Amino acid sequence: MSNIIYGVDADGDFSAKDVRDAILLCFKKAHSEILNQTFVSETLSLEEVENMKKVDIEMQIRKSFEKTGGDYNNPTKESLISVVNDLKQFAINFRAEDIANKNLTEIMILINRIK
């Protein structure tokens, strides 16, 4: 049985980019409710709202890479560690710290297994 963490099989082979994408998914899931409130619209379709949420999350992750000196398009194990720690600090403004810690722990499982 596979150990899937945010779309990545933790027991399989995966890259730093796969972990970056897992961070995107994690962040989207964790902040979906808040983003739904932010992007409420009677004129936009559900698909348009979902696209806006995706862009918003990606921009936040990109900002975190820039802030920590990493490269979004070519992440390294070290840059991912810096990014998830930065994102945790951002997330605790919107989430309970124990939830942010749980998400960080799950992503760190992946980061620690990058070859």
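Being a predicted model, the structure only gives us computed values, none of them experimental.
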Hey, what do you get for CD (E66) to CG (D71), rounding to the nearest 0.5 Å?
-> 10.0 Å
Heavy atoms of other groups near K77 NZ, more than 12 under 6.0 Å | yes
Where is the tightest heavy-atom contact between V8 and D18, given as atom of each residue plus distance?
-> CG2-O, 3.5 Å
Atom CG of D13: over 12 foreign heavy atoms under 6.0 Å = no
Taking every heavy atom of N73 against every heavy atom of R20, the minimum-distance pair comes out as CA-NH1, 3.9 Å
Closest non-hydrogen atom pair between A91 and A100, with its separation = CB-CB, 4.4 Å
Shortest non-hydrogen contact from L24 toward I57 = O-CG2, 3.7 Å
Evaluate salt bridge (Lys or Arg N to Asp or Glu O under 4.0 Å) for E58 paired with R62, printing each intermediate quantity in order.
-> CA-CA 6 Å; E58 185 176 323; R62 284 181 180 274; 2.9 Å; yes
Can you measure from NZ (K88) to NZ (K102) and round to the nearest 0.5 angstrom?
-> 14.5 Å
Gap separating the CD1 atom of I61 from the CZ atom of F27, nearest 0.5 angstrom = 5.5 Å
Considering non-hydrogen atoms only, spot the tightest contact between F14 and I114 and give its length.
-> CE1-CG1, 4.0 Å
State, to 0.1 Å, how close L110 and I5 come at their nearest heavy-atom pair, and which atoms those are.
-> CD1-O, 3.7 Å
From Y72 OH over to K17 NZ, what is the distance, rounded to the nearest 0.5 angstrom?
-> 10.0 Å
For V19 and R113, run side chain to side chain contact (heavy atoms under 4.5 Å, CB included): C-alpha distance rounded to whole Å, both residues' side-chain angles, the deciding distance at 0.1 Å, then the answer.
-> CA-CA 10 Å; V19 176; R113 292 185 182 170; over 6 Å; no
Verdict with reasoning, E50 to K53, per salt bridge (Lys or Arg N to Asp or Glu O under 4.0 Å) | CA-CA 5 Å; E50 287 302 313; K53 287 167 43 176; 3.0 Å; yes
Just by distance, with hydrogens left out, do N85 and S82 show a side-chain donor and acceptor under 3.5 Å apart?
-> no
Apply the test salt bridge (Lys or Arg N to Asp or Glu O under 4.0 Å) to residues K63 and D86: give CA-CA distance (whole Å), side-chain angles for both, the deciding distance (0.1 Å), then the verdict.
-> CA-CA 10 Å; K63 277 193 238 178; D86 181 64; over 6 Å; no
Evaluate the criterion side chain to side chain contact (heavy atoms under 4.5 Å, CB included) for residue pair Y6 and N103; output intermediate values, then yes/no.
-> CA-CA 10 Å; Y6 301 109; N103 293 341; 3.1 Å; yes
Does any N or O in the side chain of S79 come within less than 3.5 Å of the main-chain N or O of P75, such that one atom is a donor and the other an acceptor?
-> no
Roughly how far, to the nearest 0.5 Å, is CD1 of I81 from CG of L104?
-> 10.0 Å
In this structure, CD of E97 is separated from CD of Q89 (nearest 0.5 Å) by 7.5 Å
Connected via hydrophobic side-chain network under 4.5 Å: L25 and I109 | yes
